[in-house]
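Throughout, protein chains are lettered first and strands after them, A, B, ... in sequence-line order, and every chain is numbered starting at 1. Values in this document were obtained by computation on a predicted structure and should not be read as measured data.
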Amino acid sequence: MAGPGQLDREPEVGPLADGALVEAALDWFADHERDLPWRRTRDGWSILVSELMLQQTQVARVLVRWPEFLEQFPTPARCAQASPAEVIGAWAGLGYNRRAINLHRAASVIVEDHDGRVPDDLGDLLSLPGIGPYTARAVRVFAFCRDDGVVDTNVARILARTANARLSARTAQQLADAAVPPGEGWRWNQLLFDVGATLCRPRDPKCPACPFRSGCGWYRSGRPDPDPATGSAGVSGRQSRFDGSDRQGRGRLVAALGRGPVAPDDLAVVMGWPDDGLRARRVAATLVDDGLVECSVDGYRLPG
DNA sequence: CATACGTGGAT
DNA sequence: TATCCACGTAT
């Protein structure tokens, strides 16, 4: 069935699924593995919390916050028993506060539907609030030693560059899964994270030091523009400005509520829009919708 | 499929 | 000082 269209088809098995390349990469990892504390546990809850934090926060800050959170909420049951306000408080400063609420809700589902243990079934994990394709597979691989491919933005970039193609989400996941050496899911995915973080950077990638260079389609063709990672599935693009955004006001309100309730008359000032009470109430309503904030005639507070 | 979502660091 | 960047999920 050879035809003109075949060359345009996305690959089903990429260059990473190659024995020699796998060996080179595992050797590289043995010498360059980052020493991160969550790599020393296989506890499902600890892994789940670390992955949720690492979605949005730099490693340096998670290093401090992860053990603190787990000390306060060492199990799904202890998290589910706490009030949303306590979990939001423990999340303070990490950003994307909706995820604190989702974590609290996920803990409740884990207690009620899974006997208090983080499930290892992909569908069960995906059905938990705040857990999508990345986190579900990360938990399966890093807590339960499954052989899934874990596609974050770094892995998505590696996949696109080695395949020298812009990939769809489906193809990226397929390539990632196909590349996992059987029985080596944990090591393989951790090493891809480290290659992405230290070598296969968005700009100025360190190709000469990369264990994948001999099989990398983009490198072998001379790294032409455009970078195939640009616009490939799972690779982050540009973002809107934060200063003056609704997000900024949401963050200010949640931070203030962590210190105590806010009266209706203070809302606009707290959110940073002293001359726009309408906007303040509108944006505060989105936080109420998210379950992050409660509102009454007395004012605003975190949900007890 | 494009956009909203937070905070801090890098340039 | 201003701008850009990271990070996956929900919708």
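- In this structure, Pro129(A) and Leu54(A) both approach DNA chain C, and ranking their closest nucleotides by distance from the 5' end singles out Leu54(A).
- Of the candidates dC5(C), dG9(B), dT9(C), dT9(C) carries the atom nearest the Pro133(A) side chain, counting heavy atoms from C-beta on.
- Atom C1' of dG8(B) sits at a distance of 24 Å from the matching atom of dA10(C), rounded to the whole Å.
- Between Arg105(A) atom CZ and dT9(C) atom C1' the separation is 14 Å, expressed in whole Å.
- In summary, Asp246(A) and Arg282(A) engage in a salt bridge, as defined by a charged side-chain N under 4.0 Å from a carboxylate O.
- The ring pair (Phe, Tyr, Trp, His ring centres under 6.0 Å) pairs that include a residue from residues 41-66 of chain A are Trp38(A)-Trp66(A), where partners are two or more places apart or lie in different chains.
- Interface residues of residues 233-248 of chain A facing DNA chain C, ordered by number: Arg238(A), Gln239(A), Arg241(A); criterion, heavy-atom separation under 4.0 Å.
- When rounded to the nearest whole Å, the span between CG of Leu126(A) and C1' of dT11(C) equals 16 Å.
- Between the CG atom of Asp152(A) and the P atom of dC5(C) there is a distance of 18 Å, rounded to whole Å.
- Phe29(A) and Leu199(A) fall within the same hydrophobic cluster, where Ile, Leu, Val, Met, Phe, Trp and Tyr residues are linked whenever their side-chain heavy atoms come under 4.5 Å apart, directly or through other members.
- Taking only distance into account, the side chain of Arg99(A) meets the base of dG8(C) through a donor-acceptor pair shorter than 3.5 Å.
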(request) Determine, step by step, whether Asn102(A) and Arg99(A) satisfy the side-chain hydrogen bond (donor to acceptor under 3.5 Å, both in side chains) criterion, reporting the C-alpha distance in whole Å, the side-chain angles of both residues, the deciding distance to 0.1 Å, and the verdict. (result) CA-CA 5 Å; Asn102(A) 282 333; Arg99(A) 300 194 176 192; over 6 Å; no

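- For DNA chain C, the neighbouring residues in residues 134-151 of chain A, judged by any heavy atom under 4.0 Å, are Tyr134(A), Thr135(A).
- Distance Asn102(A) CG to dA10(C) C1': 9 Å, rounded to the nearest Å.
- To the nearest whole angstrom, the two P atoms, one in dG9(B) and one in dT9(C), are 24 Å apart.
- Look at Arg117(A) and Asp115(A) and you find a salt bridge, because one of the NZ, NE, NH1 or NH2 atoms lies within 4.0 Å of a carboxylate O, short of that distance.
- Between the CE atom of Met53(A) and the C1' atom of dG6(B) there is a distance of 15 Å, given to the nearest Å.
- Within the 4.0 angstrom heavy-atom criterion, only backbone atoms of the sugar-phosphate kind lie near Asn97(A); the bases stay farther away.
- Between Arg203(A) and Asp227(A), none of the side-chain N atoms (NZ, or NE/NH1/NH2) sits under 4.0 Å from a carboxylate O, so this pair counts as no salt bridge.
- Leu191(A) is not listed as a side-chain neighbour of Asp194(A), based on a closest heavy-atom distance of 4.5 Å or more.
- With a 6.0 Å radius and a threshold of 12 heavy atoms from other residues, nucleotides or ligands, Glu71(A) has its CD atom at or below the threshold.
- Separating the CG atom of Leu52(A) from the P atom of dG8(C) is a distance of 12 Å, rounded to the nearest angstrom.
- Side-chain atoms of Pro133(A) and Val151(A), non-hydrogen and from C-beta on, never get closer than 4.5 Å to each other.
- The phosphate of dC7(C) has OP1 or OP2 within less than 4.0 Å of a side-chain N or O from Asn154(A).
- One interatomic measurement links the two molecules: OH of Tyr96(A) to P of dC5(C), which rounds to 14 Å at whole-angstrom precision.
- Comparing the C1' positions of dA2(C) and dC5(B) gives a spacing of 22 Å, expressed to the nearest Å.
- Rounded to an integer number of Å, the gap from CZ of Arg170(A) to P of dC1(B) is 13 Å.
- Going from the P atom of dT3(C) to that of dG6(B) covers 22 Å, rounded to whole Å.
- Taking the six-membered ring where the residue is Trp, Phe73(A) and Phe69(A) present tilted rings, their angle falling between 30° and 60°.
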